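Because the structure is a prediction, the values reported are computed rather than measured.
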Amino acid sequence: MQRSFYYQPDLYSSIIFWSWTFVILFISGTGWLEITTIQWFTIATFILFLIVAALGIFRHRLTLDAANASLTLRRFWPKQAREIKFSELQHVVVLPHGVRFELTRLPYITILMTKQQKQQLIATLSELRAAAASR
């Protein structure tokens with residue numbers, strides 16, 4: 001069984017990423033307002049903003065894989081994916097706006113999620129842990 005969820009990295013990384021993403025949007029808007037006609041620069045920077053925003057939303061994906069007993073955190077760049085084995089997970093702490101994974105080798109990893117995605121993640125993790133414990 002494989003299950004995917006969308007997430008955002010910890011609060012500080014998200015603020016930095018989205019601030020720079022909106023800088024691209026503001027440059028596009030400033031270029032449009034300064035020149036008063038639509039120019040190729042305005043269109044190109046707005047399309048760049050849409051691409052970066054879409055990648056920022058859809059590339060951050062958490063995948064639970066029951067066959068490999070692992071949790072994969074995919075990031076903006078594909079080569080930066082982090083795979084965590086279920087045996088390395090000590091605790092899963094539910095936070096008001098996300099989840100914190102406490103690991104044996106690292107202090108912890110915090111991610112931000114919507115309430116619905118967070119509830120589905122916790123339910124799926126408990127199912128997988130119960131299935132692993134019954135084996």
Side-chain angles (χ1 to χ4, degrees):
M1 177 177 107
Q2 201 172 35
R3 190 83 198 269
S4 292
F5 303 93
Y6 293 113
Y7 77 95
Q8 288 296 308
D10 64 331
L11 184 62
Y12 302 117
S13 299
S14 293
I15 289 172
I16 291 168
F17 174 79
W18 287 107
S19 295
W20 281 108
T21 302
F22 282 109
V23 164
I24 298 170
L25 177 66
F26 296 146
I27 289 172
S28 173
T30 303
W32 173 59
L33 291 172
E34 287 293 326
I35 302 173
T36 67
T37 60
I38 302 238
Q39 298 288 323
W40 65 268
F41 172 77
T42 305
I43 295 170
T45 53
F46 186 71
I47 290 172
L48 178 65
F49 162 74
L50 291 176
I51 291 170
V52 171
L55 290 176
I57 293 170
F58 297 114
R59 284 270 177 109
H60 287 110
R61 186 172 296 192
L62 180 142
T63 306
L64 292 174
D65 190 4
N68 293 337
S70 67
L71 172 96
T72 305
L73 293 169
R74 301 192 193 290
R75 297 184 179 176
F76 187 82
W77 301 110
K79 292 182 181 181
Q80 292 180 340
R82 177 182 280 172
E83 186 171 338
I84 301 166
K85 297 288 183 188
F86 288 153
S87 60
E88 296 174 7
L89 276 176
Q90 284 186 340
H91 300 288
V92 178
V93 180
V94 179
L95 302 172
H97 298 288
V99 177
R100 181 173 59 215
F101 300 108
E102 295 181 356
L103 308 172
T104 56
R105 60 185 169 93
L106 294 174
Y108 57 84
I109 297 170
T110 304
I111 60 173
L112 303 174
M113 302 179 91
T114 62
K115 187 182 288 187
Q116 182 181 8
Q117 292 261 320
K118 181 173 57 172
Q119 291 170 348
Q120 291 175 357
L121 173 67
I122 298 302
T124 306
L125 271 175
S126 61
E127 287 174 16
L128 291 176
R129 283 193 173 184
S134 66
R135 289 183 200 172

Give a yes or no on whether Arg74 atom CZ has more than 12 heavy-atom contacts from other residues, nucleotides or ligands under 6.0 Å away.
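No, not enclosed.
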More than 12 heavy atoms from other groups under 6.0 Å of CD on Gln116:
no
If we only count heavy atoms from C-beta on, is the [X] to [Y] side-chain gap below 4.5 Å?
X	Y	result
Asp10	Leu112	no
Leu103	Tyr108	no
Arg82	Ile109	yes
Leu64	Glu127	no
Gln117	Lys115	no

Would you say [X] and [Y] are hydrophobically clustered, going by side-chain heavy atoms of ILVMFWY under 4.5 Å?
X	Y	value
Phe86	Val93	no
Leu48	Trp20	no
Trp18	Val23	no
Leu89	Tyr7	yes
Leu33	Ile43	yes

Let me see the working for Phe5 and Gln120 under side chain to side chain contact (heavy atoms under 4.5 Å, CB included), right down to the final yes or no.
CA-CA 9 Å; Phe5 303 93; Gln120 291 175 357; 3.6 Å; yes
Counting distance only, does the side-chain N/O of [X] pair as donor-acceptor with the main-chain N or O of [Y] below 3.5 Å?
X	Y	answer
Lys118	Pro96	yes
Ser14	Gln8	no
Thr45	Thr42	yes

Taking all atoms of both residues into account, what is the closest heavy-atom pair of Pro9 and Ser13, and its distance?
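Answer, listing the atom of Pro9 first, then Ser13: CB-CB, 4.0 Å.
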As an exercise, state the distance from OG1 of Thr114 to CD of Gln119, rounded to the nearest 0.5 Å.
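One finds 9.0 Å between OG1 of Thr114 and CD of Gln119.
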Point-to-point distance, once rounded to the nearest 0.5 Å, from OG1 of Thr104 to NZ of Lys85
13.0 Å
Take Arg3 and Thr124 through the test side-chain hydrogen bond (donor to acceptor under 3.5 Å, both in side chains) and record every step on the way to the result.
CA-CA 8 Å; Arg3 190 83 198 269; Thr124 306; 3.2 Å; yes
Passes side chain to side chain contact (heavy atoms under 4.5 Å, CB included), Asp65 versus Leu71? Steps please.
CA-CA 6 Å; Asp65 190 4; Leu71 172 96; over 6 Å; no
Might you work through the side chain to side chain contact (heavy atoms under 4.5 Å, CB included) test for Glu83 and Leu73, ending with a clear yes or no?
CA-CA 6 Å; Glu83 186 171 338; Leu73 293 169; over 6 Å; no
Output all residues satisfying ring pair (Phe, Tyr, Trp, His ring centres under 6.0 Å) with Phe76, sequence neighbours left out; order by chain, then residue number.
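Scan of Phe76 (ring pair (Phe, Tyr, Trp, His ring centres under 6.0 Å), adjacent residues dropped) gives Phe17.
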Between Phe58 and Tyr6, is the ring centre distance below 6.0 Å?
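Ring centroids of Phe58 and Tyr6 are less than 6.0 Å from each other.
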Could you give me the CA-CA distance, side-chain angles and deciding distance for Leu62 and Leu121, then say whether side chain to side chain contact (heavy atoms under 4.5 Å, CB included) is met?
CA-CA 9 Å; Leu62 180 142; Leu121 173 67; 3.6 Å; yes
Where does the angle between the aromatic ring planes of Phe22 and Phe49 fall among parallel (under 30°), tilted (30 to 60°) and perpendicular (over 60°)?
tilted
